[in-house]
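Right, one structure below, let's go through it.
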Amino acid sequence: MLSLRPEDHALIEGLIERMSLAQKVGQILQTERLAITPEEVRDHHVGSVLSGGGSCPGDNRPSDWVSMNDAYWAASMTEGPGRLPIPILYGVDAVHGHSNVRGATVFPHNINLGAINDPDLVRRIGRATAREVLSTGVDWTFAPTLAVARDRRWGRTYESCSEDPALVARLAPAFVEGLQGDLDDEGIAACLKHFVGDGGTSEGIEQGDTRVDEAELRRIHLAPYPPALAAGALTVMASFNSWNGDKCHGHRYLLTDLLKGELGFEGLVISDWDGIDYLDDDYSQCVARGLNAGIDLFMVSENWRTFLKTVERQVREGIVHESRLDDAVRRILRVKVALGLFTKPRPARRPLAKQPVLGCPEHRALAREAVRRSLVLLKNDDALLPLARTARVLLAGKSANDLGNQCGGFTVEWQGASGNHLIEGGSTVFDGIRALASACDLDPEGRSADPTKHDVAVVVIGERPYAEGLGDIRSGEDVLIREGSQIRGTLKTLEPYGQEAALEALHPEDLETLTRIKANGVPVITVMLCGRPLATDPELAQSNAFLVAWLPGSEGAGIGEALFGAQPEGEALFPGRLPFAWPKDGGAPQWQGDEQENVRFPRGFPWPR
Ligand code: GLC
């Protein structure tokens, strides 16, 4: 719940009474920084601006971000005839650290945090992320994702902590507590997303249709929201997916009756990226349905002028009651008051704006702890691990020295990118191993494997970066036609990552490397970077030890620390547990109750849970 004082409510109601229709309509708009200038924010009374994935000002330095936010803030606070000073709210996808910004600490993705399952660590990461976000003048992150991903073919599986709703529900409040804190100078607004059922679509199709009865929707996909709301989350993002054919963005029962009524949510509901556009062929219908369903703030990537005109006309024509518009404005103002935006100085004068917080050593050490603790050991024949410091290591695999593959999507660019050109600071797996091994030869294809020179090979393999629908795995476009036909509205899809959730099908180069090294008589320790479980029986067979690192982020040295047993005193070695079952084959998961059947390793492996 929002804890606002009587004077806060008085301020909000007083503003609403004084606001013109144009000022109210402007307040419910969020648009992308590339689509609007500070002057246009001022002239159209715009309430919020965002950075889409990879949309970064200037040279993408904290000072560039602070200058940009300062300009938008000053524009929004302009007073004068027909202008009311209402501070802008700037949002960004700081989903694993402030990962858009060069030099930020890129924490492991949520799938890693699910493998650790420690609310205290999640809280500490949230706090560090909030500090780095605030150092750039931003007040709001579109995180945490509370998806309970039920099909590994979904391109956003790595944004989910687990297939187990109880595990996600356990971590959910910790994200909010870490990010928001006491909403003092070190707190930012959290955003619970995507409401609701994003991880349950048929065939794992991003933005697809979640076909479950209400009892199952509540038991699985809604489960993380009550504890997160109770922790005081200020914002919720509506989901692109449909529920039994009806899109969440136009679903009054879900957004208003359930979220705002039954669950008592008093903050704001934001649409996803042009999310209302897919409700109907007629844009006016899209706007009216979204607003009347309970969306309060509209993320409109470009066509914000059309949006403003449409809303104003619909209110004048009574298609949207002004009371609904007032309620939306009220919720937005509540969030801004709760964040202290009406009393804080301009971004450039806020406490953290001058601090060298971004990518600081303390945060990187925290990220290395998360990396070490999220590693899941699936195989360790003859107790090959941990390695002795005297080991002569051959380091191979396409991801042995690749920050981009470690970080995955939503890293500096929307989709992220392989290589070391995007991410500043941090360490690769190579950096970590060469700091600890007596000898370390880097040879990505492993052609120099020689048992007279190498005691062991560490081979870092797996997926390349992707985000959202570009990460989906599906067997063919017929799947889309079949599943999309069940949805009332438009299904937006992107080119999938592959056709089968099996590593050999997606990246045959990895098995080739493992086989080559094994054939030369050097024992193989496989380290797999991936955004989800994949069938890996052939790769497991070529490995003496097999470690899943998921998407560890910028601090890859944590992997080397674990491989050599160099973790701090008191920290267990390889404590990670599978947050998702690990498959035998690349097809659809087979659920039997709350467990998947026909798996190579069940959720929770290695025991104990
Ligand atoms: C994207 C994602 C959402 C993100 C938003 C802003 O489409 O669905 O998770 O917060 O757009 O980048």
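As the structure lists them, so they are numbered: ligands from 1, and atoms in each ligand from 1. Quick caveat, the model's predicted, so the values are computed rather than measured.
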Legend entry - Geometric N/O contact Arg156 with ligand 1, under 3.5 angstrom: yes
Inset, instruction - Identify whether the distance between the nearest side-chain nitrogen and carboxylate oxygen of Arg127 and Glu132 falls below 4.0 Å. - result: no
Legend entry - Contact check, Phe240 vs ligand 1, heavy-atom distance below 4.0 Å: yes
Inset, instruction - May I ask you to check if ligand 1 and Lys193 share an N or O to N or O distance below 3.5 Å? - result: yes
Inset, instruction - Give the residue, atom name and distance (to 0.1 Å) of the protein heavy atom nearest atom 4 (C) of ligand 1. - result: Asp93 OD1, 3.3 Å
Inset, instruction - Pull out every atom of ligand 1 sitting under 4.0 Å from any heavy atom of Phe142, numbered as shown with elements. - result: 10 (O)
Legend entry - Asp272 side-chain N/O to Phe240 backbone N/O, donor-acceptor pair under 3.5 Å: no
Inset, instruction - Answer yes or no for Arg150 and Trp591: cation-pi contact, defined as NZ/CZ to six-membered ring centre under 6.0 Å and angle to ring axis within 45°. - result: yes
Inset, instruction - On the 0 to 90° scale, with breaks at 30° and 60°, tag the His251-Trp243 ring pair as parallel, tilted or perpendicular. - result: tilted
Legend entry - Lys193 to Phe142 six-membered ring, cation-pi geometry met (6.0 Å, 45°): no
Inset, instruction - Decide, yes or no, whether a salt bridge links Glu163 with Arg152 under the criterion of side-chain N to carboxylate O below 4.0 Å. - result: no
Legend entry - Residue, atom name and distance, where the atom is the protein heavy atom closest to atom 1 (C) of ligand 1: Glu468 OE2, 3.2 Å
Legend entry - Carboxylate-amine/guanidinium proximity below 4.0 Å for Asp246 and Arg488: yes
Legend entry - Under 3.5 Å: N/O of Glu159 near N/O of ligand 1: no
Inset, instruction - Check the angle between the aromatic planes of Phe107 and His363 and answer parallel, tilted or perpendicular using the 30° and 60° thresholds. - result: tilted
Inset, instruction - Could you list which atoms of ligand 1 come closer than 4.0 Å to a heavy atom of Trp273? - result: 7 (O), 11 (O)
Inset, instruction - Return the residue, atom name and 0.1 Å-rounded distance of the protein heavy atom closest to atom 8 (O) of ligand 1. - result: Asp272 OD2, 2.6 Å
Inset, instruction - May I ask you to check whether Ser51 has an N/O atom sitting below 3.5 Å from an N/O atom of ligand 1? - result: no
Inset, instruction - Could you list the atoms of ligand 1 found under 4.0 angstrom from a heavy atom of His194? - result: 3 (C), 8 (O), 9 (O)
